[in-house]
Structures are given as structure tokens and as C-alpha cells.
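Worksheet for the structure shown next.
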Amino acid sequence: LLPPQPRPKKKPVTKKVAPAPLAVKKQVVKKVVNQLFEKRPKNFGIGQNVQPKRDLSRFVRWPKYIRVQRQKAVLQKRLKVPPPIHQFSQTLDKTTAVKLFKLLEKYRPESPLAKKQRLKKIAEAKAKGKEVEPKKKPSYVAAGTNTVTKLIEQKKAQLVVIAHDVDPLELVLFLPALCRKMGVPYCIVKGKARLGRLVRRKTCTTLALTTVDNNDKANFGKVLEAVKTNFNERHEEIRRHWGGGILGSKSLARIAKLERAKARELAQKQG
């Protein structure tokens, strides 16, 4: 008997990997480098190049008066503002305001220097023995809350101009209602400093025109018409219109997020 011969070992079957497709090489366009200009990239690490200028206004510790006025502006947007206060944010339109200030410019009070020179001329004339005829007093604009209030009550004021940024606002808060009651045209304009410049002061709360020259009556009539339509005749609308109640960007984003979540839930229930 022959001894049993060992069986030949099976070769392990290996899967051949498919050859990769021919890769299309992209043609790299070489940039033309100008040898005259050497590239020197900046390194902004510690002790290296000077740091670039950044806007650091957010991190500035502002003076208290600036912080207060900014917080006040934000509060006036957020809180609900009653109509008597909110009406001071609705000022006269630019074109009418320009016409009004051009007109008021003609009725500026006399400057101290001009007054001194006028009195000096009169005194010199009297010293020479000449008779000085009294001239008609020129019409000037009346300034100040007390003066203007008296003129409105006496119905002598033909037009009242109120500044929108008086602080405290209680000083002029009653004036629009008083003007409506007495039938006097009034308007609210931007800038107590702008009114102050007219009467040669730093600031001024209110102005009133009592008389106008014959040359200016046509322009004054147009301004009065615009003022009446924008303020006196809009009393009912102004009385009902509240201000404020404007949310910030974060609050609006949060509300929008909640709305989206509610919409998703509703879609899931219906789907």
C-alpha cells in the first residue's frame, strides 16, 4: 500500500480592484510674478508688526451724560409713549421748515452791538442840537415760554414755533393744547439750538410771530397754510396716535424663533 499523498493547497482568491479612470489633470495657470515687487506678508504676532486699527467704540467707557442720553433714546423706543409726548417726535417737514426759518431770519432781535451803535447815533444827533424823529418800532420775533404763553392767551400771536427737544418736556407740553384752544397756528420744529440762534442765545424753547411786514405776507400765508394742515387740523389723529413699543433686534429674533417652532409643530400635527 502506498502512503497517502498530501493534498495540494488551494490558492487564495483575491479580488482585482478595477483600475482608476484616467484622471484629467487641470491646467494650472501660472501667475506672472513681477520680480520688482517682493511679497512681504505681515505677521501680527506678539512683538511683530504693528496691529491694524480696530473699531473699539463698543469697548469705550463713555461719559455718563452720553450713556444717559443713549439709554433714554432706547427707553423711548421700547416703552409706550402717550400721544401728548409722542407728538413732539413729529416735526415740520424740511421744505416748509426752510421757508419758515428764512422768514424768521428777517425778524431777528437787534444785536447788542447794533443797539449800541443806534443809540450812539441818536445821542450824537441830540448833542448837535438836531431833532430826532422817533421811528416806528420794528417787529421782532418773541421768545421764551412765558412771553409766548401770554401772547397766545391774548390772541396776539399769529404763529407759534416750538422746539422738539426741550428738556424737561413739561415746559412746553401744554402749548399745543393751548394753541388749539385759542385757535393759534403752531408747529413743532427740530432743534432748540436752531431757535436759539435766531434770538441770539444758546437755546430757545418757543418763538412767536406777532406781526409781519406787507412784503412777507404772501410767503407767511403759504407757511401758515402748511402749518395748519400738518398740526392744527390733525388734532384728532395726533390725539389717538401712541408712540414707542418698538422691540430690539434680540427680542424680535426670539419671537421669530418661537413662531418658527410653532409653525413646525403645526405642520407635524397636520402631516
message: What verdict does the salt bridge (charged side-chain N to carboxylate O under 4.0 Å, His left out) test give for K262 and E265, after you've listed the backbone C-alpha separation in whole Å, the side-chain angles of each residue and the deciding distance to 0.1 Å?
response: CA-CA 5 Å; K262 282 178 186 176; E265 278 180 28; over 6 Å; no
- prompt: Do V161 and L100 pass the side chain to side chain contact (heavy atoms under 4.5 Å, CB included) test, and can you show the C-alpha distance, the side-chain angles, and the key distance before you say yes or no?
  reply: CA-CA 9 Å; V161 184; L100 175 65; 4.1 Å; yes
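Because its NZ or CZ atom is both nearer than 6.0 Å to the ring centre of F101 and within 45° of the ring axis, R194 counts as a cation-pi partner of that residue.
In terms of heavy atoms, T205 sits closest to T145 at OG1-OG1, 2.9 Å. Taking every heavy atom of both residues into account, A157 and V160 meet most closely at CB-CG2, 4.1 Å. Nearest approach of T91 to H164, heavy atoms of both residues: CG2-CB, 3.7 Å. The minimum heavy-atom distance between F231 and L92, with the atom names listed, is CE1-CD1, 3.6 Å. The heavy-atom pair separating A143 from V148 by the smallest distance is C-CG2, 4.4 Å. The shortest non-hydrogen separation linking V212 to Y107 is CG1-OH, 3.4 Å.
Expressed to the nearest 0.5 Å, how far CD1 of I152 lies from CG of L175 amounts to 5.0 Å. The distance from atom OG1 of T211 to atom CZ of F220, rounded to the nearest 0.5 Å, is 9.5 Å. Here the straight-line distance linking atom SG of C204 with atom CD1 of I162 works out to 11.5 Å at 0.5 Å rounding. With rounding to the nearest 0.5 Å, the separation of CG in D93 from OG1 in T96 is 3.0 Å. A distance of 4.0 Å separates NE2 in H241 from NE2 in H86, rounded to the nearest 0.5 Å. With values rounded to the nearest 0.5 angstrom, K217 atom NZ is found 9.0 Å from D213 atom CG.
The hydrophobic cluster containing L36, built from Ile/Leu/Val/Met/Phe/Trp/Tyr side-chain heavy atoms closer than 4.5 Å, also comprises F37.
Judged as a side-chain contact (heavy atoms from CB on, under 4.5 Å), and not counting sequence neighbours, the contacts of K156 are L151, Q154. For E110, the side-chain contact (heavy atoms from CB on, under 4.5 Å) criterion is met by A114, K115, R118, Y140, not counting sequence neighbours.
Formation of a donor-acceptor pair under 3.5 Å by the N49 side chain with backbone atoms of N43 is found in this model. In this structure, Q76 contributes its side chain and V81 its backbone to no donor-acceptor pair below 3.5 Å. Not a single donor-acceptor pair under 3.5 Å links the side chain of R201 to the backbone N or O of G196. For the pair R78 (side chain) and A73 (backbone), a donor-acceptor distance under 3.5 Å is absent. R67 places a side-chain N or O within 3.5 Å of a backbone atom of W62 that can act as its donor or acceptor partner.
Within the 4.5 Å cutoff, the side chain of K222 has no heavy atoms near those of the K99 side chain. Considering only heavy atoms from C-beta on, K250 stays 4.5 Å or farther from R254 through its side chain. With contacts defined as side-chain heavy-atom distances shorter than 4.5 Å, the pair L207/V199 qualifies.
By the neighbour-count criterion of 12 heavy atoms within 6.0 Å, atom OH of Y65 is sparsely surrounded, having that number or fewer from other residues, nucleotides or ligands.
Ion pairing between a basic and an acidic side chain is recognised when a charged N comes within 4.0 Å of a carboxylate O; D216 and K106 show such pairing. Comment: E153 does not engage K150 in a salt bridge, judged by the lack of any side-chain N to carboxylate O separation of less than 4.0 angstrom. Here K102 does not pair with E105 in a salt bridge; the nearest charged N to carboxylate O distance is not below 4.0 Å. The pair K228-E225 fails the salt-bridge criterion, with no side-chain N (NZ, NE, NH1 or NH2) lying under 4.0 Å from an Asp/Glu carboxylate O.
If you run side chain to side chain donor-acceptor pair (under 3.5 Å) between H235 and each of Q87, R240, R180, only R180 comes through.
No single ILVMFWY cluster, assembled from side-chain heavy atoms under 4.5 Å apart, contains both L75 and I66. In the hydrophobic cluster analysis, where Ile, Leu, Val, Met, Phe, Trp and Tyr join through side-chain heavy atoms closer than 4.5 angstrom, L171 is grouped together with I188. A chain of hydrophobic side-chain contacts below 4.5 Å, direct or via other Ile, Leu, Val, Met, Phe, Trp or Tyr residues, connects V189 to F174. Under the 4.5 Å side-chain heavy-atom criterion for Ile, Leu, Val, Met, Phe, Trp and Tyr, V98 and L103 are members of distinct hydrophobic clusters. In the hydrophobic cluster analysis, where Ile, Leu, Val, Met, Phe, Trp and Tyr join through side-chain heavy atoms closer than 4.5 angstrom, Y186 is grouped together with L169.
Side chain to side chain, T149 and N146 fail the donor-acceptor criterion of an N or O pair below 3.5 Å.
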